[in-house]
Structure formats: structure tokens, C-alpha cells
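Shown next, in C-alpha cells, is the structure this report addresses.
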Amino acid sequence: MSTTGLPVRFEPNPLARTEHERSTILAEPGFGKHFTDHMFLADWTPEEGWHDARVVPYGPLLLDPASAVLHYAQEIFEGLKAYAHEDGSVWTFRPEENAKRFQRSADRLALPELPVEWFVGSIKALVEADRAWVPTGGETSLYLRPFMFASEAFLGVRPSLKVTYSVIASPAGPYFSGGVHPVSIWLSENYTRAAVGGTGAAKCGGNYAASLKPQMEGAAHGCEQVVFLDPVERTYVEELGGMNVYFVQADGSIVTPETSGTILEGITRESLMQLARDRGHEVVERPVSIDEWRQGVADGSITEVFACGTAAVITPIGRLKWDGDEVVTGDGTTGKVTSDLRAALVDLQYGRATDTHGWMQRIDV
Ligand code: PLP
Ligand code: COI
């Protein structure tokens, strides 16, 4: 393969799905349920560095049961999407930002740094092989999941001397079933997501493992996601299990919790700051207490609340629930600022708006 700038060995999948099988999946992809015909793989050792970049048939990995990742969770991942534009071209949104966050996550988890060109090149190589899997129409995309893990068979607790990097791809519709609608959020009072000095700002699997129990608690209360508070005072809103959070105030300004080491620095979050400012909104990063949220929506000083992230795009938050009570934002429907910002973001991603910030990168060439 040549278009990536990386030497990538390509082994086509002899059992690739038929066009009929693929179009059945693409007609109703769901989220994270179906995977394309190929995957990207590369290996790292201290002696050889990154090597053996290859696109091979998608399938199970053979792992030694002593692989360090299975015992000590030395693993990181990323999430970004490939969007088909009207003219058939395929684009991603700010992939270098994902590449840089992947490097920061790797640093925190004592994994080797993957060069930005390798990250972007791996995505291009996989999309080139599985171009036919990029869905078209509506708000569909090809969700790309780069990940890196400790593959050395060794039980001593130290950074692995063998590391695997991979990218898999999954055609995707909306993250929340039922499409875009205001979701209910459970306030996790018993659990926090990240400790000061911990891994909250890294995108590592362990953070998500720790969010599952609170997520189940939320689901038992009819909520789609959980919001976590700061780990020290248990007072300030941090983020949801898999997305950042924004508040729209009655004066049109928008507020998001400042990142402080325990919150993931979302690329959607950062991009929305710019898009909101472009539209004349004042944007403030500051601590937001849970009481400010509760009282604000009750007295109308907070008019809209929304979650944002690659998977979630922008999802309105209609209801905050906690043990014993709940508050509803506005009239429970999607607010105007939320839908305007959402339209601005997706119009850009799907090539319907001018890319004034140079955020889109074509990846099928
Ligand atoms: N916060 C968490 C915990 C996430 O998993 C994600 C998703 O990647 C986000 C925030 C949003 O980040 P991004 O906008 O870069 O997808
Ligand atoms: C993403 O938005 O890409 C995420 O990683 C969130 C979740 C699916 C883990």
C-alpha cells in the first residue's frame, strides 16, 4: 500500500463479506456492533521500535495468557470517525489531535510513543482497504478505534517490552439507541471516575472498566449515562462516563468544566469552544458545582445542558437524576443553542459547511 507514506503490508481478506452482506449491515449499523473486513496491526520492541505495519483480515488476536495487558491493564485507545461527503470523498476530523492525545495517554501508561504519521497513516491504510464500509446517508460514519496494549508475556509489574498497536473500524449510526433525543443522566454519588494524579486525562481502558458499575446504577434508574463529580470535594461536575459536558446560560454564554488532570481533554469539547465563539457566544471554562447545575435548571439561569464527544456528537441532556429526586432542563426538549452548535459541527464534518479552521483531513487519497 502506498498512499499512507508508511510501508504497509496488505493481506486482503479472502473471506470478505459480500456486497449484499455489507449493505445489510450498513443499512442499520448501530454502534460498535459490526466490524469491517480488515484491521491494522504493528508491533513495538525497544530494539526495533515500531515495525511490521500491516493491514490484514479482521479476526481474533492470538494472545499469550500471560500478556501483561490481561493482568495489569496497560492499554490505551482512541476514537474518531471517517465521514463520507456528498461527492464520495472520505474525511476525518482533526486526526492529529487524536494522535497527540494518544501520545499523552501512552506517556501516562508507560507505553511507547506512536509517531503522529503512524497514527494518521494507519487510519488511511485501513480506510483505503475498507473504503466500501464507510456508510453514506444520514448521520452515519465509520468509527475508527486505534488502540495499543502490552503484549509481552511477563508477570513482573513493569512496562511491557512488547507492545501491539491496532486499528479496527466499525460502521456507526447514533451512539444512543433511538437516535438524537434528550438523555437522562445519573449523578454518581458513590463513585468517582478519576483520582488526582491518576489516569483521568488518559484514554485508557481501566477508566472505562471503573465506570461500568456506576453506569449500571444509572441504567437501573432509567439513565443513559452517568455524571461524575470531582474526587476530592465531591462537589464539582467533571464529565460523563464517555463524554464532556456543557451548560448554556440564560445570557447565551456557555460554560464547561475546566480540565484539571482528571477530565479527558475532548476534541469535540475543544472544537465547540471555537465554534461557539465563532457564533458570538462567550465561552467560559471554570468549575461548575452540582448545586449550580441543579439550581440553575430549576430557576432557569441554565437553559440547556448537553454532552459532547466523538461517539455522542452533541447529545442534549434532558434530565439529571440522583438518589431521591431529579431536575428537568427547560421543557425537556432539545434547546436552540444545542441544535445550532450540533448543526455547525456536523455540517462541517459532512462537508456541508466551509472548513474555516482547516480541521477536516481527506483520507481516501
Ligand atoms: N470524555 C470521555 C471520558 C470520553 O471517553 C470521550 C470520548 O472520547 C470524551 C470525553 C470526548 O472526547 P472526544 O470529543 O475527543 O471524543
Ligand atoms: C468516543 O466518543 O470515541 C468514545 O471513546 C466514547 C465511548 C464510546 C468510549
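Numbering of ligands and ligand atoms starts at 1, following listing order. Since the model is a prediction, treat every value here as computed from it, not as a measurement.
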Revision key, fill the gap. Residues passing the side chain to side chain donor-acceptor pair (under 3.5 Å) test with Glu224, sequence neighbours excluded, are His181

Review point. With sequence neighbours excluded, what pairs up with Ser151 under the side chain to side chain donor-acceptor pair (under 3.5 Å) test?
Key: Thr164

Revision key, fill the gap. Correct closest heavy-atom pair for Arg294 and Leu187 would be NH1-CD2, 3.7 Å

Practice item. Assess the pair Phe77 and Tyr208: is the distance between their ring centroids shorter than 6.0 Å? Key: yes

Check your understanding: Tyr165 pairs by ring-ring contact (aromatic ring centres under 6.0 Å, His included) with which of Trp118, Phe102, Trp44?
Key -> Phe102

Exercise for review: Start with the C-alpha distance between Gln274 and Ser271, add both sets of side-chain angles, then the distance that settles side-chain hydrogen bond (donor to acceptor under 3.5 Å, both in side chains), and finish with yes or no.
Suggested key: CA-CA 5 Å; Gln274 185 63 52; Ser271 308; over 6 Å; no

Practice item. For the residue pair Glu217 and Trp186, confirm or rule out a side-chain donor-acceptor distance under 3.5 Å. Key: yes

Practice item. Return yes if some donor-acceptor pair links the side-chain N/O of Ser289 with the main-chain N/O of Glu292 below 3.5 Å, else return no. Key: yes

Point to revise | Residue contacts for ligand 2, heavy atom to ligand atom, distance under 4.0 Å | key: Phe77, Gly79, Tyr143, Arg145, Tyr175, Lys203, Tyr208, Gly242, Thr310, Ala311

**Study point:** Enclosure of Tyr236 OH (heavy-atom neighbours >12, cutoff 6.0 Å)
**Key:** no

Below 3.5 Å only, please: the N or O atoms of ligand 1 paired with protein N or O atoms, distance on each line.
{"residue": "ligand 1", "atom": "1 (N)", "partner": "Glu239", "partner atom": "OE1", "Å": "2.5"}
{"residue": "ligand 1", "atom": "5 (O)", "partner": "Lys203", "partner atom": "NZ", "Å": "3.1"}
{"residue": "ligand 1", "atom": "5 (O)", "partner": "Tyr208", "partner atom": "OH", "Å": "2.5"}
{"residue": "ligand 1", "atom": "8 (O)", "partner": "Lys203", "partner atom": "NZ", "Å": "2.7"}
{"residue": "ligand 1", "atom": "14 (O)", "partner": "Ile267", "partner atom": "N", "Å": "3.2"}
{"residue": "ligand 1", "atom": "14 (O)", "partner": "Thr268", "partner atom": "N", "Å": "2.9"}
{"residue": "ligand 1", "atom": "14 (O)", "partner": "Thr268", "partner atom": "OG1", "Å": "2.5"}
{"residue": "ligand 1", "atom": "15 (O)", "partner": "Arg101", "partner atom": "NH1", "Å": "2.7"}
{"residue": "ligand 1", "atom": "15 (O)", "partner": "Arg101", "partner atom": "NH2", "Å": "3.1"}
{"residue": "ligand 1", "atom": "15 (O)", "partner": "Ile267", "partner atom": "N", "Å": "2.8"}
{"residue": "ligand 1", "atom": "16 (O)", "partner": "Thr310", "partner atom": "N", "Å": "2.9"}
{"residue": "ligand 1", "atom": "16 (O)", "partner": "Thr310", "partner atom": "OG1", "Å": "2.6"}

